2 protein chains.
Amino acid sequence: MLHDVFALPSGKTLDICLSIQTAILEHKLAPGLKLSEDEVGEIYGVSRTVVRAALQALAHSSLVTIRKNRGAFVAKPTMREAHEVFQARALIEPAVARLAADAITPADLDLLKAHLAAEHAALDSGDMSKALVLSGGFHTAIADIADHRVFTGMVRSLISRSSLIIALYSKRSDTACESHSHGALMDAFADNDAVAAEEIQKSHIIDLHSGLDLREKESDPKSLSQALGLAV
Amino acid sequence: MLHDVFALPSGKTLDICLSIQTAILEHKLAPGLKLSEDEVGEIYGVSRTVVRAALQALAHSSLVTIRKNRGAFVAKPTMREAHEVFQARALIEPAVARLAADAITPADLDLLKAHLAAEHAALDSGDMSKALVLSGGFHTAIADIADHRVFTGMVRSLISRSSLIIALYSKRSDTACESHSHGALMDAFADNDAVAAEEIQKSHIIDLHSGLDLREKESDPKSLSQALGLAV
DNA sequence: CAATTCCAATATGTATACAATTTTTAATCA
DNA sequence: TGATTAAAAATTGTATACATATTGGAATTG
């Protein structure tokens with residue numbers, strides 16, 4: 001479901017990529033967390049060689065940041081990056097939705113419906129991280145239907161980064177993706193209404209964007225004095 | 001000038017990335033050419049470890065294709081991929097041009113003028129591969145001016161891939177980038193006319209797209225060490 | 001002679017060992 | 001005590017060795 005962001009690395013490497021990616025997307029690995037090569041290798045039972053390849057692949061999809069001689073960390077997008085990612089989504093995803101509306105088949109529609117149902121179920125059961133992943137999956141599913149590899153790659157990457165951004169900057173956990181917009185999109189798709197799909201998707205992305213909290217979050221204090229933060 | 005497509009790998013790795021990328025962009029390495037790890041390592045005097053990292057990075061930017069247990073090859077975009085890349089460019093680059101027109105400074109303008117002059121000089125001297133690289137550089141320079149990292153990354157990647165596509169599918173070598181469009185863009189930038197810049201850029205990309213030839217091309221890869229030897 | 005099978009040669013996948021860098025800890029001195 | 005410095009520990013960068021998979025060709029067979 002969420003492959004191919006990477007340029008298909010060798011078997012073991014890909015497994016580790018997907019595993020770490022999933023963990024990041026489910027917010028099980030917090031932004032900024034150090035991903036030590038030895039530690040990761042120990043966990044998966046492989047050598048550092050494989051781990052390095054996986055971490056590099058994740059770095060290319062902007063989920064991990066690698067600092068020279070210092071190691072890999074779960075990416076921690078800045079506010080600026082957050083805005084840029086959603087600006088890019090606001091440009092690209094409406095165009096993709098338009099393509100999808102023209103190309104969609106009844107089978108695709110059923111798949112989207114199932115997706116939406118799973119999303120609702122997760123929301124109802126209060127499993128927010130799962131709901132968030134599914135919400136992103138809805139967007140990538142649309143890209144898959146559009147069947148445009150270049151756009152799909154871009155959308156997948158942007159969705160991944162959005163997950164990280166939402167972890168850091170969402171006002172409330174529920175802001176993830178109000179299913180209302182997704183439902184409206186479904187209707188447009190059912191009618192093969194490309195113009196409506198494009199319009200709805202654009203509004204939806206803009207809503208998501210404005211649902212972000214503009215205040216800079218406190219980055220983990222570097223020094224102790226800053227942590228105590230009294231004498232400024 | 002053409003960095004940052006990669007997630008900044010370690011020193012040696014980056015050198016090799018840039019060297020191979022340059023060679024590919026200058027059409028010194030033909031699409032489909034095998035990039036043997038031993039051979040590349042021999043040429044640059046490094047171990048396969050470093051070469052693998054470089055090749056993986058290049059694979060992530062779609063300049064190289066890695067086939068499991070089979071090795072790395074200079075990417076050979078399909079006709080479909082060619083169309084998709086230019087469709088993506090037609091969507092993204094006009095938006096970027098619009099941003100650039102709003103943000104451009106006199107210093108930026110001078111830089112673009114110099115770029116354009118160099119492009120003309122290369123064309124006049126008949127150095128087509130250089131002209132092609134400079135032509136791509138003009139587009140990435142615009143992205144840099146727009147100062148939007150996410151879009152810039154996308155544009156860089158698309159421009160790189162376009163170079164490969166042009167190597168395979170351009171009708172004639174001169175089709176690369178008629179400087180006329182670039183000149184018209186310059187005027188719009190000079191006037192800070194964002195709407196015009198967007199419009200001109202869109203037309204320009206569409207022209208480039210329709211300048212592609214639909215026939216599959218044949219190519220005979222030259223010796224690897226010979227091609228790279230010149231680039232180093 | 002063509003097709004097939006098997007083995008050798010070659011290349012990539014992975015693990016491990018060593019080198020270089022950074023971070024931590026301890027010790028020294030003002 | 002606090003700051004500075006130096007040694008030690010830990011981590012990443014790189015090279016090499018071994019394991020595994022692919023490729024090419026010789027020998028065999030029909």
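Letters A, B, ... mirror the listed sequences (proteins, then strands); counts begin at 1. Being a predicted model, the structure only gives us computed values, none of them experimental.
Residues passing the side chain to side chain contact (heavy atoms under 4.5 Å, CB included) test with B:Asp127 are B:Ser125, B:Ser129, B:Lys130, sequence neighbours excluded. In terms of the side chain to side chain contact (heavy atoms under 4.5 Å, CB included) criterion, residue partners of B:Leu99 (sequence neighbours excluded) are, by chain and number, B:Ala146, B:His148, B:Phe151. Applying the side chain to side chain contact (heavy atoms under 4.5 Å, CB included) rule to A:Ala75 yields the partners A:Thr65, A:Leu164; only residues at least two apart in sequence or on another chain are considered. Partners of B:Ile206 by side chain to side chain contact (heavy atoms under 4.5 Å, CB included), not counting sequence neighbours, listed by chain and number: B:Lys202.
For DNA chain C, the contact window with chain B, defined by any atom under 4.0 Å from a protein heavy atom, covers C:dA11 to C:dT14 in 5' to 3' order.
In this structure, CG on A:Leu58 lies 10.0 Å from CD1 on A:Ile16, to the nearest 0.5 angstrom.
Using a distance-only test at 3.5 Å, with no hydrogens or angles considered, no donor-acceptor pair links the side chain of A:Ser157 to the main chain of A:Met154.
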Quiz item: Could you write nucleotides 5-14 of chain D as a row of B, S and -, 5' to 3', where a protein heavy atom under 4.0 Å of any base atom gives B, of only sugar-phosphate atoms gives S, and otherwise -?
Solution: ------SBBB
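Note: A:His182 and A:Phe138 have parallel aromatic rings, judged against thresholds of 30 and 60 degrees for the angle between ring planes.
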